[in-house]
Amino acid sequence: MQCDADQACGVVRTASIANGVTVRDIYAWSCVPNEECNTKGSLSIPDSKIKVATTCCYTDNCTPSTPTLSADSSQPNGLTCRTCLSADSDYCYTEDTVKCNGDENMCILQRNTIIEAKTKRSVVIRGCATKSYCSMGSSSASDGDLEVHMAITCKEMQT
């Protein structure tokens, strides 16, 4: 595939972790915006975490190295964010909160719309995230009958 001038050949690794166990670990090879190359980030809610890591290479027909995920931190950073997870709605709001750890110093609202075989499903997550995870912003991807649209909104909060 031919990448645009502001992109590089990249591998994006996304791991979903529940109760300390990796339940999904996906690698996707594609053109990646240069500003998202060689980054790591995470999003946390109680008992679950999503980690993303990206590596890139910058020459024709190159192979990026395998991305490694960031280490977990149990050190509280003083930030508290609202938290919820909705697997069947466009929105979630709750009074529930989560205390953030390590470099997860942003409160996040992530909305995913998944369209598979003409069936639409929405997943919404609120919790703590790293600035690099928030910097991914909104994106869309498709592969055959599967479309995924992700919208991210983050705020730096003072406790």
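Predicted model only: the values in this text are computed from it and were never measured. Heads up: numbering here begins at 1 and tracks the sequence. Side chains included, hydrogens not; waters and symmetry mates left out as well; all remaining heavy atoms used.
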If you compare the SG positions of C134 and C154, is the separation below 2.5 angstrom?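 Yes - the two cysteines, C134 and C154, have SG atoms within less than 2.5 Å of each other.
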What pair of heavy atoms forms the shortest contact from [X] to [Y], and how long is it?
X	Y	result
V32	G10	CG2-CA, 3.7 Å
K49	S44	NZ-OG, 2.7 Å
S70	G41	OG-O, 4.4 Å

Other members of the hydrophobic cluster containing Y27, with the 4.5 Å side-chain heavy-atom rule, please.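 V11, W29, which link up through side-chain heavy atoms under 4.5 Å apart, make up the rest of the cluster.
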If hydrophobic residues (ILVMFWY) are linked whenever their side-chain heavy atoms come closer than 4.5 Å, directly or via other members, who joins I17 in its cluster?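 For I17, no cluster forms, as it stays isolated from other hydrophobic side chains.
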Tell me whether V148 is reachable from V12 by hopping between hydrophobic residues (I, L, V, M, F, W, Y) whose side-chain heavy atoms are closer than 4.5 Å.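 Linked within one cluster.
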Are L109 and L79 joined in one hydrophobic group, where the rule is that I, L, V, M, F, W and Y side chains link up if heavy atoms are under 4.5 Å apart?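 No, it is not one cluster - the side chains of L109 and L79 are not joined through contacts under 4.5 Å.
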Residues in side-chain contact (heavy atoms from CB on, under 4.5 Å) contact with E95, at least two apart in sequence or another chain: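 So E95 forms a side-chain contact (heavy atoms from CB on, under 4.5 Å) with R82, Y93.
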Using the test side-chain contact (heavy atoms from CB on, under 4.5 Å), find all partners of A87 that sit at least two apart in sequence or belong to another chain.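 Not a single residue meets the side-chain contact (heavy atoms from CB on, under 4.5 Å) criterion with A87.
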Quick one: side chain to side chain donor-acceptor pair (under 3.5 Å) partners of [X], sequence neighbours excluded?
X	value
K40	T68
T83	none
E147	H149
Q110	N112, Y133

List for me each residue that meets disulfide (SG to SG under 2.5 Å) alongside C9, sequence neighbours excluded, and say none if there are none.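 Here no residue qualifies.
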Please list all pairs passing the salt bridge (charged side-chain N to carboxylate O under 4.0 Å, His left out) test where one or both residues lie in residues 50-59, with sequence neighbours left out.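 Salt bridge (charged side-chain N to carboxylate O under 4.0 Å, His left out) check on residues 50-59 returns K51-D72.
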Enumerate, atom names and distances included, each donor-acceptor pair closer than 3.5 Å involving a side-chain atom of residues 55-62, sequence neighbours excluded.
residue	atom	partner	partner atom	Å
T55	OG1	S65	O	2.4
Y58	OH	N38	ND2	3.4

Would you say [X]'s side chain and [Y]'s backbone share a donor-acceptor pair under 3.5 angstrom?
X	Y	result
R126	C92	yes
Q7	D4	yes
T130	S42	yes
S89	S86	no
T22	R24	no
N77	G102	yes

In the structure I gave you, are the side-chain heavy atoms of [X] and [Y] within less than 4.5 Å of one another anywhere?
X	Y	answer
T54	P67	no
I50	T14	yes
V123	I114	yes
I45	I125	yes

Under the criterion salt bridge (charged side-chain N to carboxylate O under 4.0 Å, His left out), I'd like the reasoning laid out for K131 against E104: C-alpha separation, chi angles, the key distance, then a yes or no. CA-CA 7 Å; K131 188 168 189 155; E104 291 182 345; over 6 Å; no
Test of understanding: with salt bridge (Lys or Arg N to Asp or Glu O under 4.0 Å), list the residues that count as partners of R13, not counting sequence neighbours.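 R13: salt bridge (Lys or Arg N to Asp or Glu O under 4.0 Å) contacts with D25.
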When rounded to the nearest 0.5 angstrom, what distance separates [atom1] in [X] from [atom2] in [Y]?
X	Y	atom1	atom2	value
S73	D103	OG	CG	7.5 Å
S122	K120	OG	NZ	5.5 Å
S48	L85	OG	CG	7.0 Å
M106	K155	CE	NZ	11.0 Å

From CA spacing to verdict: side-chain contact (heavy atoms from CB on, under 4.5 Å), T80, V98: CA-CA 6 Å; T80 299; V98 60; over 6 Å; no
List the steps, then state whether disulfide (SG to SG under 2.5 Å) holds for C100 with C128. CA-CA 6 Å; C100 303; C128 305; 2.0 Å; yes
